[in-house]
Structure formats: C-alpha cells, structure tokens
*Asks:* 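Have a look at this one.
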Amino acid sequence: MIQIKLHNTRTRRREAFTPIDPGHVKVYVCGPTVYDRAHLGNARPVVVFDVLIRLLRARYPRVTYVRNITDVDDKINARFLETGEEISEITTRTTQWFHDDMEALGALPPDVEPRATAHIPEIIAIIQRLIQGGHGYEAQGHVLFAVDSDPDYGKFSGRSTDELIAGARVEVAPYKRAAGDFVLWKPSPDELPGWDSPWGRGRPGWHIECSAMSWKHLGTDFDIHGGGSDLIFPHHENEIAQSTCAFPGSHFARYWVHNAMLLVNGEKMSKSRGNFLTVEEVLHQAPGEALRFLLLKTHYRSTLDFTDSTIAEAKRELDRFYRALELHSAVTPADEVPDVFLVALADDLNTPAAIASLHRFADAALAGDAKAAASLKAAGSILGILRQAPSAWFSDGIDQTTLHKLVVARNSARERKDYAEADRIRSEIESRGIVIEDGPNNSYTLRKR
RNA sequence: GGUCCGGUGGCAGAGUGGUGAUGCAGCGGACUGCAAAUCCGCGAAUGUGGGUUCGAUUCCCGCCCGGACCUCCA
C-alpha cells in the first residue's frame with residue numbers, strides 16, 4: 001500500500017497525504033474562464049491534476065473530482081461588448097473548445113463540472129452568511145469582504161495586510177473600507193448578465209464562485225484543492241477567507257497543490273509578446289499525446305519551457321515506447337502497476353522519475369520481455385499515455401492505399417537492385433511526412449515523422 | 001520596493017551529506033544495398049565566493065544571473 005506524498009502550499013512542505021475519509025477522496029481544481037481558446041498554460045494544470053486523479057483512483061476506492069467552469073466574468077463581458085455575440089453563445093462554444101482540447105490531451109472529464117451561473121443561489125447564501133458574521137459589507141451596490149475581519153487573512157500566501165496595501169499597484173476604489181477588501185458581489189448594468197439579489201441586480205465576484213461551488217459539491221471540508229501557482233494570491237487566499245469565515249470551524253481544503261507556470265521559448269506567454277500558443281495550435285504540429293507527455297516530463301512544481309525541440313523530443317520518446325509495445329501487441333496490460341513506478345509517482349507526483357522507470361520497461365520489452373511490455377502499458381495508463389494501439393500511433397492519418405503502390409514499386413526496384421530508384425521512391429514517401437522502415441522479406445513499417 | 005522560487009553534461013530534466021538518474025542529440029561499432037529501427041560501447045554537468053562537516057551538488061551566509069507573485073491570469 002503506497003503512501004502518497006504531496007507538497008502542501010499551506011505548509012510549504014511535502015506531507016503524507018491522509019484523506020479525511022479514506023473511502024471517499026474529494027478534490028477541487030480551478031477550471032477555466034470560458035472566453036477564448038485554451039492556451040498551453042491552461043493545459044498544464046488539467047494534465048497534472050488528471051494524473052493526480054488517476055493515481056488517487058488507483059489507491060482509493062472512490063474519488064470525486066470537481067473542476068469548475070467560470071462563465072460569468074469581465075473578460076466574457078468584454079468579448080460580448082467587442083463582438084456583439086451573445087454571452088451564452090460565447091461561453092457554450094468556448095466550453096466546447098475546452099472539452100475538445102482536453103480530450104485531445106487524454107484528460108478524463110471531472111466527475112462534476114459546475115458552472116458559476118448555475119450556482120447563484122449558493123453564492124448569495126454564502127455572501128449572506130458572511131454579512132451576518134461581520135465579514136462582508138455593502139457599499140454602493142457592491143458587497144465586499146472585509147479582510148480586517150479575518151485574523152488569518154494573508155497567512156496562506158504569506159503576506160501581511162500592510163504589505164498588500166503598500167504593494168497595491170491598483171487604485172483603491174473609494175467605497176472600500178480597506179485597500180485589501182475584495183468584491184463578493186457587484187452591480188451589473190441591464191445589457192450585461194446579472195441576477196436579482198438582496199443588493200440589487202448584479203453578478204458575483206470571481207473568488208466567491210469557487211467557494212460556492214466547492215461547498216455545494218464537496219462540502220465545507222475536503223481533501224485537495226488545486227490550481228496554478230499564480231492563483232495563490234489573491235484567488236486562493238480569498239477563497240480560504242470566504243469559506244472559513246462563512247462556515248466557522250471548517251478548514252476548507254486540507255492540501256493545496258499548485259503547478260508552476262509554463263514558458264514558451266523561455267518567455268511567459270502573452271499576447272503582446274506574440275508568443276501566445278493555444279492548445280489547438282500545438283495539436284497541428286504534434287499529437288495531443290506528445291503534448292501531454294511533454295507536460296509530464298517536467299515536475300509539476302518546476303517552470304516548464306515549451307519549445308519546438310522539446311515537443312519533438314517528447315514525440316520521439318513516445319515513438320520508442322510504442323515500438324516496445326508493438327513488439328508485444330498481443331499482451332494484455334498487467335493488472336498491477338509496477339511499484340517502482342508508483343513509488344516515484346506517489347512521491348509528490350515525481351513524473352520525471354516515474355518516466356525514467358518507463359524507459360527501463362521499454363528496454364526490457366524491446367529485448368523480448370512481454371511482461372515488461374505489460375508493465376509499460378499499465379504504468380502508462382496512470383500517466384494517461386500509451387493508450388492507443390501502436391499501429392494507430394504510427395500510422396494514424398496515413399493513407400495506406402496510396403502509399404502501398406509506392407512501397408510495391410520500391411520493393412521491386414530493390415529486388416532488381418536498382419537502389420537509385422528505390423531511394424528516389426523512399427524520398428517521395430518521406431516527402432509526405434512518412435518514414436519507411438524495412439524489415440525482412442520485403443516487409444515494412446510506415447510511421448509518421 | 002515587498003514576498004517567493006530556481007540556477008545540474010550540447011539540450012531537456014530528476015535525485016542525493018559520501019563513486020551525479022533518465023531522455024534527446026553527438027561519437028564509435030554490430031545489423032542494413034544504403035537507411036531507419038534495434039543492440040553494444042564512449043565522451044560530457046552540479047553559477048560564484050565563503051562557512052559548517054572527516055566529507056557538500058545537497059545544509060547556512062554573501063554575490064551574480066534568471067523567473068514568478070504583489071493587478072486579470074493556469
């Protein structure tokens with residue numbers, strides 16, 4: 001029985017993971033705001049937490065994974081005001097894009113995918129609790145959270161409220177009692193999405209949504225809360241303040257897991273730098289599985305640099321794994337995922353070390369060990385890779401009938417030892433992005449370059 | 001300015017107070033008509049200056065460099 005260890009942002013240390021209820025592990029991860037195509041940075045937490053969920057499911061009998069959709073937000077409104085497209089169309093279409101992209105990355109859907117707009121009653125209920133408890137106040141149609149009312153505010157992200165005020169780079173709204181107070185509810189004009197509330201027509205602030213949705217679907221106390229490290233402050237700090245103040249005595253999430261940021265060619269992605277890469281764009285240059293594997297080749301708490309060469313390398317490594325599986329295409333996956341792999345993965349999701357063990361299995365499989373091939377496949381399934389048939393991996397999208405004529409012509413050239421012609425045909429095949437590998441007796445294998 | 005993280009071979013990327021994983025690339029060899037794939041083998045690294053220690057890449061301090069957060073952000 002392996003012991004899973006996780007780096008807990010709350011304590012800044014690696015801790016043994018002990019669920020509140022070993023019979024039912026509960027996980028919440030912050031999902032996307034649906035206003036545009038998912039970018040590579042969005043993909044990292046999805047893949048990282050997908051592996052964590054697969055690991056938890058291998059270890060515990062029941063795991064509930066909740067990942068929200070934020071479908072009411074300034075950016076969505078801005079898109080509407082800019083293009084005139086209906087809000088619901090924007091959010092529905094963008095959500096579908098997100099689902100398509102994440103499926104291409106081999107990420108399992110969460111058990112519950114709550115939308116913020118479907119949880120307005122819960123949001124209002126929490127805000128009312130906060131007001132009643134002296135943690136929220138109304139001002140000019142807004143409801144704000146009073147950070148001074150929570151002695152623990154700032155502890156999670158390691159900041160004092162003094163620092164927050166001193167470091168504030170944003171002009172403080174005049175209706176705030178303290179500079180660090182943040183919005184729970186704000187007024188919304190008629191042309192923008194809004195809901196009736198005790199404070200007039202308005203819409204929820206961003207942070208309160210996650211407090212409401214995690215409460216609704218996981219309760220006031222649950223095991224793991226995940227997200228990108230850029231959410232530690234203010235988003236997660238605020239979630240903790242809201243949830244623990246609304247439900248005195250509760251602890252909200254026990255373990256906080258944050259993935260590090262992703263760079264493109266050494267730089268943070270941003271539209272102004274022109275290096276903003278969407279998942280869809282990358283899927284044009286490499287299979288989703290290669291992108292997934294690339295995301296797992298770096299430990300989740302380290303900055304990851306995406307480049308053309310790292311994605312190409314990820315694909316080459318998978319090629320070798322699939323060759324090893326191809327050699328034993330008849331084997332069924334082992335029921336048991338090898339311990340050496342699980343131990344590495346359980347150690348704060350050390351995917352690079354776990355992948356190193358995959359290479360050992362591949363070595364053995366290529367040397368003829370069928371059991372190693374089964375282990376490779378079983379371990380791969382925890383990482384969410386190596387799930388397709390090797391033939392599909394190598395030849396997906398290749399028009400076999402068109403190529404067959406070329407291959408036959410090349411083989412006959414080889415038989416009459418006209419190697420110049422044989423090489424010419426090989427170049428022609430390769431010009432289509434296909435590599436041909438000769439086997440014995442004129443057999444051959446085609447694979448994508 | 002404040003808070004925090006990191007600097008490992010050509011590149012990517014783990015771990016560790018006591019011979020520095022793994023992969024990609026490169027080089028030599030086997031195999032091949034030639035390749036590809038596979039196999040065998042090879043070279044190659046802990047930013048810098050101190051400290052603690054029998055011993056530091058690992059712990060502590062300074063410095064240099066890079067990055068993140070403090071504002072919407074995965």
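Every chain is numbered from 1, with letters handed out A, B, ... down the list of sequences.
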*Asks:* May I ask you to check whether A:F361 and A:F341 place their ring centres under 6.0 Å from each other?
*Replies:* no
*Asks:* Against A:E209, only a single residue in A:T33, A:T70, A:N68 fulfils side chain to side chain donor-acceptor pair (under 3.5 Å); can you say which?
*Replies:* A:T70
*Asks:* Is A:S302 near enough to B:rA14 that one of its side-chain N or O atoms lies under 4.0 angstrom from OP1 or OP2?
*Replies:* yes
*Asks:* Taking only N/O atoms, report every protein-nucleotides 6-8 of chain B pair under 3.5 Å with atom names and distance.
*Replies:*
none

*Asks:* Decide whether A:H299 and A:H7 meet the rule of one side-chain donor and one side-chain acceptor closer than 3.5 Å.
*Replies:* no
*Asks:* For residues A:H236 and A:H207, establish whether the separation of their ring centroids is below 6.0 Å.
*Replies:* no
*Asks:* Would you mind classifying the nucleic acid contact of A:R410 as base, sugar-phosphate or nothing, using non-hydrogen atoms under 4.0 angstrom?
*Replies:* base
*Asks:* Taking atom CZ of A:F306 and atom CZ of A:R44, what is their separation to the nearest 0.5 Å?
*Replies:* 13.0 Å
*Asks:* Can you confirm whether the side chains of A:E239 and A:H235 place a donor and an acceptor under 3.5 Å from each other?
*Replies:* yes
*Asks:* Need to verify one output field. Residue with the more 5' nearest nucleotide on RNA chain B, A:D73 or A:L263?
*Replies:* A:L263
*Asks:* When the nearest nucleotide of RNA chain B is assigned to A:T310 and to A:G227 on a heavy-atom basis, which residue is associated with the more 5' position?
*Replies:* A:T310
*Asks:* Atom NZ of A:K75 to atom P of B:rU71: distance rounded to whole Å?
*Replies:* 15 Å
*Asks:* Would you indicate what A:H235 reaches in the nucleic acid, counting non-hydrogen atoms under 4.0 angstrom: base, sugar-phosphate, or nothing?
*Replies:* nothing
*Asks:* With distance as the sole criterion, is a donor-acceptor pair present between the side chains of A:T94 and A:T91 under 3.5 Å?
*Replies:* no
*Asks:* Taking atom types as modelled and ignoring hydrogens, do the side chains of A:N238 and A:Q242 form a donor-acceptor contact shorter than 3.5 angstrom?
*Replies:* no
*Asks:* Identify the heavy atoms of A:V46 and A:A107 that sit nearest to each other, and give their distance.
*Replies:* CG1-CB, 3.6 Å
*Asks:* How close or far is atom C1' of B:rG13 from atom CG of A:L358, stated in whole angstroms?
*Replies:* 15 Å
*Asks:* Salt bridge or not for A:K315 and A:E289, using N-O below 4.0 Å?
*Replies:* no
*Asks:* Closer than 4.0 angstrom, basic N to acidic O: yes or no for A:D348 and A:K5?
*Replies:* no
*Asks:* Going by salt bridge (Lys or Arg N to Asp or Glu O under 4.0 Å), name the pairs with one or both residues in residues 349-362 of chain A, residues two or more places apart or in two chains.
*Replies:* A:R360-A:D363
*Asks:* Extract from the structure each pairing of a protein N or O with an N or O of nucleotides 42-45 of chain B at less than 3.5 Å, listing the distance.
*Replies:*
none

*Asks:* Compare the minimum distances between each of B:rC69, B:rA74, B:rG13 and the side chain of A:T298, then state the nucleotide with the smallest one.
*Replies:* B:rG13
*Asks:* Send over the distance from A:K315 NZ to B:rC11 P, rounded to a whole Å.
*Replies:* 24 Å
*Asks:* Grab the N/O contacts between the protein and nucleotides 22-26 of chain B below 3.5 Å, and write none if there aren't any.
*Replies:*
residue	atom	partner	partner atom	Å
B:rU22	O3'	A:R360	NH1	3.4
B:rG23	OP1	A:R360	NH2	3.1
B:rG23	O2'	A:E317	OE1	3.4
B:rG23	O2'	A:E317	OE2	2.7
B:rG23	N2	A:E313	OE1	3.4
B:rG23	N2	A:E313	OE2	3.1
B:rG23	N3	A:E313	OE2	3.3
B:rC24	O3'	A:R316	NE	3.2
B:rC24	O2'	A:R316	NH2	3.0

*Asks:* Using the benzene-type ring in the case of Trp, are the ring centres of A:H225 and A:H258 under 6.0 Å apart?
*Replies:* no
*Asks:* For the side chain of A:F233, starting at C-beta, report the closest nucleotide among B:rC70, B:rA12, B:rA37.
*Replies:* B:rC70
*Asks:* Using a 4.0 Å heavy-atom cut-off, does A:G41 contact any base of the nucleic acid, only the sugar-phosphate backbone, or nothing at all?
*Replies:* base
*Asks:* Can you measure A:R301 atom CZ to B:rA74 atom C1' for me and round it to whole angstrom units?
*Replies:* 17 Å
*Asks:* Would the base of B:rC34 count as contacting A:D438 through its side chain, where contact means a donor and an acceptor less than 3.5 Å apart?
*Replies:* yes
*Asks:* Between A:K75 and A:D36, does any side-chain N to carboxylate O distance fall below 4.0 Å?
*Replies:* no
*Asks:* Before giving the answer on salt bridge (charged side-chain N to carboxylate O under 4.0 Å, His left out), spell out for A:R410 and A:E421 the whole-Å C-alpha distance, their side-chain angles and the decisive distance to 0.1 Å.
*Replies:* CA-CA 7 Å; A:R410 176 166 172 273; A:E421 174 65 4; over 6 Å; no
*Asks:* Are A:E281 and A:H39 linked by a side-chain donor-acceptor pair shorter than 3.5 Å?
*Replies:* no
*Asks:* For this output row, return yes or no: ring centroids of A:F321 and A:H359 closer than 6.0 angstrom.
*Replies:* yes
*Asks:* As a test of reading the structure: which of B:rA37, B:rC39, B:rA74 is closest to the side chain of A:R323, going by heavy atoms?
*Replies:* B:rA37
*Asks:* Reading 5' to 3' and counting Watson-Crick or G-U wobble pairs with both distances under 3.5 Å, write the dot-bracket notation for RNA chain B, | for bases paired outside the strand.
*Replies:* (((((((..(((.....[...))).(((((.......)))))....(((((..]....))))))))))))....
*Asks:* Where along residues 414-437 of chain A does a heavy atom fall under 4.0 Å from RNA chain B?
*Replies:* A:R414, A:Y419, A:D423, A:R426, A:V435, A:I436, A:E437
